[in-house]
Number of protein chains: 2
Amino acid sequence: MKVLLKNYVTGKATESDMEVVATEAVELKVPEGSKDTIVLKNLYLSCDPYMRSRMTKHEIPSYVPDFVPGEVITGQGVSKVVDSTHADYKVGELVCGMTGWEEYSLISNPQNFFKINHPEIPLSHYTGIVGMPGFTAHIGFNEIAAPKKGEYVFVSAAAGAVGQLVGQFAKLMGCYVVGSAGSDEKVELLKNKFGFDNAFNYKKESDLNLALQRFFPEGIDIYFENVGGATLDAVLQNMRSHGRIVACGMISQYNLVEPDGIHNLFQIVAKRIRMEGFFVSDHLSSYRKFEEMTVQYIKEDKITYVEDIVEGLKNAPSALIGLFEGRNVGKQVVVVSRE
Amino acid sequence: MKVLLKNYVTGKATESDMEVVATEAVELKVPEGSKDTIVLKNLYLSCDPYMRSRMTKHEIPSYVPDFVPGEVITGQGVSKVVDSTHADYKVGELVCGMTGWEEYSLISNPQNFFKINHPEIPLSHYTGIVGMPGFTAHIGFNEIAAPKKGEYVFVSAAAGAVGQLVGQFAKLMGCYVVGSAGSDEKVELLKNKFGFDNAFNYKKESDLNLALQRFFPEGIDIYFENVGGATLDAVLQNMRSHGRIVACGMISQYNLVEPDGIHNLFQIVAKRIRMEGFFVSDHLSSYRKFEEMTVQYIKEDKITYVEDIVEGLKNAPSALIGLFEGRNVGKQVVVVSRE
């Protein structure tokens with residue numbers, strides 16, 4: 001079984017833009033003569049917002065390659081090596097990296113695969129808290145935002161794969177942190193499970209500017225941006241001098257043909273704001289240090305993580321689309337096989 | 001004679017929002033018993049875009065205090081000390097700093113006045129190339145943008161008080177630099193006087209995105225932002241990875257009640273852009289170093305500067321309004337008295 005992109009998408013992506021098809025019996029061996037090649041058995045697949053961009057055809061190449069209609073969708077995943085002609089990968093090893101939405105993937109010249117050093121924690125965590133989203137939260141908050149103790153931090157999409165960790169890193173740093181999310185269930189998680197100082201359901205606020213004034217009477221030092229649009233515009237009005245906006249993603253915009261207009265950018269001048277985008281792929285040399293730190297935090301119960309686990313490849317398209325509708329509660333993972 | 005704000009302004013500012021009134025005979029002495037006070041004879045006054053913000057009443061205090069209707073307008077100027085009870089200021093000294101739009105100003109506890117160390121260059125230069133605008137160009141380009149040799153630099157409002165210097169600093173750094181301006185006369189100046197590699201009249205471009213693609217087929221590394229609005233939106237589409245946008249001002253927006261919407265901010269994520277605002281007032285400790293460097297460049301003919309000099313306080317309101325219509329060619333200065 002595998003998941004293909006059926007057609008390029010303009011505007012709102014739906015499940016029917018993907019197709020789940022049966023595969024022929026798969027040879028679990030690297031083809032004769034193929035060097036530096038591995039066969040992976042895929043265990044857990046990660047659904048991430050940036051994948052929406054790959055479903056659209058870009059005239060000018062985007063920052064990630066577009067998917068190709070008729071070809072298998074790819075994304076971050078946790079896999080087991082079942083055959084290898086690559087000196088760095090041994091049969092039986094567990095790895096995480098960019099794999100296919102299928103049961104088995106044949107990968108030549110694997111790039112940016114990390115071996116899983118801590119299989120004693122749930123393997124699915126390598127799609128989340130100790131995988132790309134967790135590392136994104138760490139680099140974005142601890143490196144790009146350069147937080148100081150006591151600062152006021154706002155996180156949007158705060159119950160998501162990245163946001164829930166940003167809030168916990170902020171508390172570990174001694175910051176005051178408020179998160180926004182799209183359901184009361186998520187708001188409860190933020191306050192009672194992840195230890196945010198406060199949280200609100202943005203769908204219940206008629207005026208986001210007033211909501212932010214309520215939670216941040218002194219203003220916002222650090223905004224961890226996951227959503228874009230109206231939230232960003234309201235945040236700009238509520239930033240403090242020398243504030244930082246870490247531009248991680250803008251999920252509210254990904255299904256729009258014409259992105260929303262942002263009107264309050266003059267605040268970047270008036271408040272001396274730094275707004276900065278980043279890719280974790282520029283920081284891979286510090287991944288191992290992050291992995292050790294985070295595994296330690298998990299073992300000491302200093303941080304926690306919620307995953308929204310869907311069973312079976314056939315449910316992967318709906319899980320991915322669910323991200324853009326806010327259906328997931330926590331990190332969206334698809335289980336292909338548990339071992 | 002003095003220039004007052006007549007009323008707070010909403011939307012487009014006009015000359016009639018200010019009033020030039022006669023003053024009674026002025027006592028050129030510090031009043032008896034007033035300590036730490038100076039009387040200044042104002043020589044050259046600076047017209048700067050940020051002053052538009054001060055003409056509007058802000059519910060939440062802005063980054064610079066609002067003017068007060070019925071009171072004299074204040075701004076950067078070059079003045080001579082004619083009386084002083086302040087130990088740091090002697091009669092006859094020349095200073096630059098925040099003074100009144102009037103012939104003589106009485107200032108208690110003068111803050112952030114700099115003595116003019118190089119009266120051998122034209123004194124008006126202390127409102128421009130070696131004053132606040134020149135220092136702004138230096139800090140914004142050389143510090144905030146952190147340019148590297150060979151990078152591609154775009155400057156908007158490039159013939160203005162700040163822009164003309166940014167382009168020249170970019171050439172001194174070994175960058176490729178293109179400027180935009182609002183008349184063919186200014187475009188000629190950019191190319192033939194300031195040494196920009198290229199320049200264009202934005203009013204003659206029906207599609208700013210295509211214009212930028214033409215001048216920057218490889219994209220833009222550094223954008224020195226003076227205008228905001230449609231230019232910023234087009235620039236965002238043409239930035240290179242790891243680009244920097246120095247947010248100095250957004251003059252196209254200052255007369256608007258509802259600022260333009262900017263649609264391409266996702267590029268900050270996709271291109272890992274840093275967009276950053278700054279105030280020169282945070283950097284005053286390096287002013288003297290800048291002054292020496294720039295005076296040296298002037299004496300060696302390594303940089304040049306164009307001023308648009310208007311005679312007489314009574315013409316100051318029209319000179320200020322002219323900034324927002326692009327009437328000035330180069331730095332807008334008002335002469336009150338030449339000595």
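Chain naming here is simple, since letters A, B, ... match the order of the sequence lines and numbering starts at 1 in each.
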- Would you mind checking which part of B:Ile144 comes under 4.5 Å of any heavy atom in chain A, side chain (CB onward), backbone (N, CA, C, O), both or neither? neither
- Query: Heavy-atom distance under 4.5 Å to chain A: side chain of B:Phe279, backbone, both or neither?
  - Reply: both
- Examine whether an atom of A:Asp282 lies under 4.5 Å from a heavy atom of chain B, and if so say whether it belongs to the side chain, the backbone or both; otherwise answer neither. side chain
- Those residues of residues 248-274 of chain A, ordered by number, that approach chain B below 4.5 Å (heavy atom to heavy atom): A:Cys248, A:Gly249, A:Met250, A:Tyr254, A:Glu258, A:Pro259, A:Asp260, A:Gly261, A:Ile262, A:His263, A:Leu265, A:Phe266, A:Ile268, A:Val269, A:Ala270, A:Arg272, A:Ile273, A:Arg274
